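Lettering follows sequence order; numbering is per chain, from 1. Because the structure is a prediction, the values reported are computed rather than measured.
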Number of protein chains: 2
Amino acid sequence: MEREDLGALFARITRRLIEAERPLLEARGLSMWGYVVLSHLSHRPASTQLALARAIGYDKTRLIGVLDDLERDGLVTRVPDPADRRARIVELTPAGRDRHRDARDDIGAMEDAFLGALSDGRRAALRRTLAQLAAEGE
Amino acid sequence: MEREDLGALFARITRRLIEAERPLLEARGLSMWGYVVLSHLSHRPASTQLALARAIGYDKTRLIGVLDDLERDGLVTRVPDPADRRARIVELTPAGRDRHRDARDDIGAMEDAFLGALSDGRRAALRRTLAQLAAEGE
DNA sequence: TATTGTTATACTCTATAACTATA
DNA sequence: TATAGTTATAGAGTATAACAATA
């Protein structure tokens, strides 16, 4: 039996998901990485830029432009850490929290449609397995 | 309950798989897309360049460099189609078939390790679900 | 001397258009 | 007029090094 590469399967599905997300985020005025930043801050309220970059697996120099955009749009604030004046603490504003919730809801609805053909049991099994595989790498 | 984005989960796992594949392919002298081309030709023996590009979801202009490399290394041949002299038919050479088999075996072993913690039942369920999700988009 | 945030530069990938030879 | 393969060019994304401020 011909077993298809796991990597090819994952890559194809990831590409489809990203393509489906892009217009939803664009309609909310968010870039992909901007959304990732808001998501991370939504359940871990404040973080230095370096810690944030490491947590989301992104480069610290590229994160700067993303934060510039988010700050300009009033979705996050950067305030100097009193304990270490080199560091700047990134925090969600109320507007940032709202924007993230709206985008997340849009994406959640898209994901439900994406998984359309799967039973509830298979959806749950998939999420469990994915969470386990994603967690192992840390 | 906080449900993590499906897209983020898939993207993280895909990145890990690709990072694990890269050194294996490099050791076999193959690029990622070179391997994808060999894989496709291994179960669909011959194809025009345009059909190949569409089948693997890649751009026809970028495919050219990939085929140049594979041809230079003696892994594929490009012969003009007698029925349509604009088109060139891409075919695996015996060396190409061997190279693909070796790389595929390396990758298969890596994937088994990657899925290490999962039971046989959960592996099978995952593959079934992934195949279904990947197929829907076509 | 090392670290945080930043800027600058070079490099790689990707997208697009244009060209040739056939149809 | 359209299509298969190719080439060239411009743009986006990425990696790296260097800098100022602070530890």
Side-chain angles (χ1 to χ4, degrees), chain A residues 7 11-12 14-16 18-19 21-23 25-26 29-37 40-41 44 46-72 75-92, chain B residues 7-8 11-12 14-16 18-19 21-23 25-26 30-37 40-41 44-72 75-91:
Chain A
R12 186 147 14 124
T14 301
R15 210 179 321 149
R16 286 191 53 213
I18 287 177
E19 274 161 23
E21 276 188 24
R22 198 183 306 281
L25 290 173
E26 199 166 344
L30 291 173
S31 68
M32 193 70 63
W33 283 108
Y35 176 69
V36 172
V37 166
H40 183 262
L41 292 177
R44 192 170 281 236
S47 186
T48 70
Q49 294 187 195
L50 196 60
L52 185 57
R54 285 183 182 137
I56 66 176
Y58 200 51
D59 186 86
K60 67 165 185 165
T61 66
R62 283 180 281 156
L63 180 60
I64 291 169
V66 176
L67 293 178
D68 286 346
D69 291 346
L70 293 174
E71 195 177 30
R72 173 177 42 70
L75 306 179
V76 303
T77 55
R78 284 193 267 210
V79 297
D81 182 349
D84 180 348
R85 285 189 307 174
R86 293 173 304 182
R88 305 177 73 179
I89 294 181
V90 183
E91 240 170 324
L92 271 188
Chain B
R12 186 146 13 122
T14 301
R15 211 181 319 150
R16 286 191 54 214
I18 288 177
E19 274 162 22
E21 275 187 25
R22 198 182 306 281
L25 290 174
E26 199 166 345
L30 291 174
S31 67
M32 193 72 61
W33 283 109
Y35 176 68
V36 171
V37 167
H40 185 261
L41 292 177
R44 193 169 280 237
S47 185
T48 70
Q49 295 187 193
L50 197 58
L52 185 57
R54 284 183 183 138
I56 66 176
Y58 201 50
D59 187 85
K60 67 165 184 165
T61 66
R62 283 181 281 156
L63 180 60
I64 290 169
V66 175
L67 292 178
D68 287 345
D69 291 345
L70 292 174
E71 195 177 30
R72 174 177 42 72
L75 305 179
V76 304
T77 55
R78 284 193 267 209
V79 298
D81 182 350
D84 181 348
R85 285 188 306 172
R86 293 172 305 181
R88 306 177 74 178
I89 294 181
V90 183
E91 239 170 325

side-chain N/O A:Arg86 vs C:dT6 OP1/OP2, d < 4.0 Å: no

Specify the closest pair of heavy atoms between A:Leu63 and A:Tyr58, including all atoms of both residues, with the distance to one decimal. N-CE2, 3.8 Å

Report which part of the nucleic acid A:Thr61 touches: base, sugar-phosphate, or nothing (heavy-atom distance under 4.0 Å, all strands). base

Rounding to an integer number of Å, can you tell me how far A:Ile64 CD1 sits from D:dC19 C1'? 12 Å

Measure the distance from CD on A:Gln49 to P on D:dA20 and round it to the nearest whole Å. 19 Å

Measure from CG on B:Leu52 to C1' on D:dG5 and round the result to the nearest Å. 13 Å

Whole-Å distance separating the CD atom of B:Glu71 from the P atom of D:dG5: 13 Å

Note: A:Leu41 and A:Glu91 closest approach over all heavy atoms is CD1-C, 4.3 Å

If I take atom CZ in residue B:Arg54 and atom C1' in nucleotide D:dT3, what distance separates them, rounded to the nearest angstrom? 9 Å

Check the phosphate of C:dT6 against A:Arg78, side-chain N and O only, distance under 4.0 Å to OP1 or OP2. Yes or no? yes

Counting only side-chain nitrogens and oxygens, does B:Arg62 get under 4.0 Å of the OP1 or OP2 atom of D:dT6? no

Spacing between B:Leu63 atom CG and D:dT6 atom C1', to the nearest angstrom: 12 Å

Which atom of B:Val76 lies closest to which atom of B:Leu67, heavy atoms considered: CG2-O, 4.3 Å

More 5' along DNA chain D: A:Arg85 or B:Ser47, using each one's nearest nucleotide? B:Ser47

Under the side chain to side chain contact (heavy atoms under 4.5 Å, CB included) criterion, do B:Thr48 and B:Arg88 qualify, and how do the steps go? CA-CA 6 Å; B:Thr48 70; B:Arg88 306 177 74 178; over 6 Å; no

Between A:Leu50 (CG) and C:dA2 (P), how many Å, whole number? 16 Å

Closest-nucleotide 5' rank along DNA chain D - winner of B:Ala87 and A:Asp59: B:Ala87

To the nearest angstrom, how far is A:Asp81 atom CG from D:dT22 atom C1'? 12 Å

Closest non-hydrogen atom pair, A:Ala55 against A:His40: CB-NE2, 3.3 Å

